[in-house]
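Step one of this worksheet: look at the structure below.
Throughout, protein chains are lettered first and strands after them, A, B, ... in sequence-line order, and every chain is numbered starting at 1.
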Amino acid sequence: MPMTPLEELRHSASHVLATALLRLFPEAKLDIGPPTDSGFYYDVDLDHKLTQEDLTRLEAEMKKVAEENQPFLRKEVSREEAKAIITARGQERYKLGRLADIPEGEQISFYQNGEFMDLCAGTHVRYSSKLKAFKLLSIAGAYHRGDEKNKQLQRIYGTAFPTKEELAQHLERLDQAKLRDHRKLGRDLKLFVIDDEVGQGLILWTPAGSIIRQELQDFIGGELRKQGYQQVFTPHIGKLALYKTSGHFPYYKESQFSPIVENEALARIVTENCACGEMIARLEAVSAKFREDINARTGKEVITADRVRPEEQLLDGFMLKPMNCPHHIKIFASQPHSYRDLPVRLAEFGTVYRWEQSGELNGMTRVRGFTQDDAHLFCTEEQVAAELIGCLALVKIVLTTLGMTDYRIRVGLRDPDSGKYTGDPANWDKAEAACRAAAQTLDAPFTEEPGEAAFYGPKIDFVVKDVIGREWQLGTVQVDYNLPIRFDLSFTGADNQSHRPVMIHRAPFGSMERFCGVLIEHFGGDFPVWLAPEQVRLVPISDKVQEYGRSLLAQLQAAGIRAVLDSHSDKLGAKIRRAELEKVPYTLVLGAKEAEAQAVSVRSRARGDEGVHPFAPFLEQLKEEIRTRALPEKKQPAPAA
RNA sequence: GCCGAAGUAGCUCAGUGGUAGAGCAGCUCAUUCGUAAUGAGCGGGUCGCCGGUUCAAUCCCGGCCUUCGGCUCCA
């Protein structure tokens, strides 16, 4: 695919960076330097740890290279010539490997600017003087070829634009984005806290944040009732045996919290002088019968003989649940089902726990304990298509109601080269076809991505970006032919025979934590009235109208409105300012003339002062705005601070 | 987990080898005010934690914890 002019510019900037880098650090070994969505980077192997000051020096050197107005010259060479060039330049450490990646028969080319020459398919700007606006942004570690078994290189990130104005605008946008960061707004608006003593990645929802979450849960709960879901509740833990049946353990044990082993069993193991490794082996072990049962049900060897142990050496324990499905499956399995009962749709806001690597934790968007707005649908194969469409419709209702229109749809398929998936390929094919067909019913573009499936089945994900451009999977719908087999689920068909149901896993929000994190950034803290923790601020101008304020507060609360009376002795301007900073949608200013007329002076967060209105119609209009879950109007620019 | 950076009051940040300061926020008092900051006073910090060097460490050194930017991972 040819590069866009902007990519060409940024790619050229990365060559200029490499040119500057070799001038300052001739011993540097270069890897690759491609353009990205918002700039470019170059990966380099260098013993010297690059510092912020080095970036400044490199940027200055890049300016010189740009001013030297070097032409970018393409040179097409044979594979042998290429090797010679790389070796002559002392860059064989990574570049020879990169050269080997180029398929036989494909043209090998170098680009030269000034004294620098790099293996590169191109393309580039004609002259380095085209680079008028660039900036080096940060240094980060990055594994060679993205593989953590390889050496970690230093990655220099930068960005470039055709003009200085566009660069300045971009940098300004980055600064603005920081103000919308859910971690900052979450603290400022007191929506959630994370406490070291409680634990990394564990969200404590404060009263204000809990209101938002509760409103979202009530909203989706209403939609679920319309669609025939049934609410269930299940505990936060389950026995290890349950997850051995489901396949979560031991295959995914590195992303789960350690098992909780009963004290007596633990004591017994300790007195046997059992080593740690032995204990893990016993936790992972299964009985011969368990192995036979599962293997027979799934029709292949999912549990190998080396996991079988004598009964007395088995060790069970409990696990914090990494998913809700096994619990829901057990509810389904507790009753015989007729085809007439299906689909069965079991829904729960279920909290799950996953052991995320410490370096991956991020505010509310990547956490170790989170609550999925989960549901599992058990249906016949014929019902899958319609149920999938119903699930997708639900996701769309959620996103539309919240005005989140900037998302992409990803159909996650299995990676044919990976062994991490369980189940029969024929069922996978059916499930993937069903997902593709359902995605086509959405009138929105989607991409099919191999390797993005869940381990038990393909899925349709709704992916949105946060303020700094990182993508997060929110809503998800997944088809599963495998867990019904592993748990030996069945229903009685019209033919009076036993049949296997198909499962659909779906979560329109995904996780309440991640969704709220993204939602905070989406609204920049200016929540629609129905979600706003505080909907109305009552501001009496003086103590003389406190009594009127109290009576309005009582009326608002009686109407179910979340209102607060500001009885500080500040001047009006200070109270207005405080309400604005706290992003309260409506501030009602109360003075003598309002009290006299049973009126309020309305100040809207979006529109500013709206003048005096009688209280009763204001209240009705407010209730209507809440009932319809109206989205906030675009805010007028704030006055200069 | 890995690479790099950071951690001083609730928040934003200054500062020094001799046990710390500002603004905002909070509290008290005065003020009773018409659409983004009324004034005065007061309280508040084991300078992330643990060790080491030193007569003395918030500052220098080491380890750990946490956060941030990436990488890897994300059933």
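- Taken residue by residue, residues 533-541 of chain A places heavy atoms nearer than 4.0 Å to RNA chain B at I541(A).
- As rounded to the nearest Å, G15(B) and A20(B) have C1' atoms that lie 8 Å from one another.
- Regarding contacts with the backbone of C33(B), a side-chain N or O of K544(A) is found under 4.0 angstrom from either OP1 or OP2.
- The side chain of E580(A) has A36(B) as its nearest neighbour among U38(B), U67(B), A36(B).
- Every salt bridge (Lys or Arg N to Asp or Glu O under 4.0 Å) that K459(A) has, sequence neighbours left out, goes to D461(A).
- Candidate nucleotides G34(B), G69(B), A75(B) were compared by shortest atom distance to the side chain of N362(A), and G69(B) ranks first.
- Close to A25(B), at under 4.0 Å from its OP1 or OP2, lies no side-chain N or O of R578(A).
- To the nearest angstrom, P of C68(B) lies 11 Å from CG of D196(A).
- Scanning atom types as modelled, one donor and one acceptor separated by under 3.5 angstrom connect the side chain of E594(A) and the base of G34(B).
- Of the side-chain N and O atoms in K49(A), one or more sit less than 4.0 angstrom from OP1 or OP2 of G4(B).
- With a 6.0 Å cutoff to the six-membered ring centre and a 45° limit on the axis angle, R10(A) does not count as a cation-pi contact of F40(A).
- Put simply, the side chain of R155(A) and the base of C3(B) share no donor and acceptor less than 3.5 Å apart.
- The aromatic rings of Y353(A) and H236(A) lie tilted to each other, with the angle between the two planes from 30° to 60°.
- Rounded to the nearest Å, the gap between the C1' atom of C74(B) and that of A37(B) is 46 Å.
- Of the candidates G69(B), C2(B), U38(B), C2(B) carries the atom nearest the Y143(A) side chain, counting heavy atoms from C-beta on.
- The side chain of Q478(A) sits closest to A75(B) out of A75(B), A36(B), G69(B).
- Side-chain proximity of Y157(A) to the nucleotides U32(B), U66(B), G70(B) is greatest for G70(B).
- Base engagement by Q256(A) is indicated by at least one non-hydrogen atom pair under 4.0 Å involving a base atom.
- Contact annotation for Y456(A): backbone-only contact, meaning every heavy-atom pair under 4.0 Å involves sugar-phosphate atoms and none involves a base.
- Distance check on atom P: C33(B) versus G45(B) gives 38 Å, rounded to whole Å.
- In this structure, NE2 of H144(A) is placed 22 Å from P of G70(B), rounded to the nearest angstrom.
- Across G1(B), A75(B), C33(B), the shortest atom-to-atom separation from the side chain of S358(A) is found for G1(B).
- Side-chain atoms of E348(A) and H328(A) include a donor-acceptor pair closer than 3.5 Å.
- Side-chain proximity of S569(A) to U66(B), G69(B), U32(B): nearest is U32(B).
- Among the heavy atoms of the strands lying under 4.0 Å from G591(A) is at least one base atom, whether or not backbone atoms are also near.
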RNA chain B in dot-bracket form (Watson-Crick or G-U pairs under 3.5 Å, [ ] crossing, | inter-strand) is (((((((..((((....[..)))).(((((.......))))).....(((((..]....))))))))))))....
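- Distances from the side chain of L581(A) to the nucleotides C73(B), U38(B), A36(B) place A36(B) closest.
- Looking at the side chain of A140(A), the nearest of the listed nucleotides U32(B), G69(B), G1(B) is G69(B).
- Donor-acceptor pairing under 3.5 Å, judged by distance alone, is absent between the side chain of Q154(A) and the base of C3(B).
- Within 4.0 Å of K571(A), counting heavy atoms only, lies at least one base atom of the nucleic acid.
- Across G34(B), U32(B), A75(B), the shortest atom-to-atom separation from the side chain of V589(A) is found for G34(B).
- For R354(A) against C73(B), a side-chain-to-base donor-acceptor contact under 3.5 Å is absent.
- Regarding contacts with the backbone of U66(B), every side-chain N or O of R183(A) stays at 4.0 angstrom or more from both OP1 and OP2.
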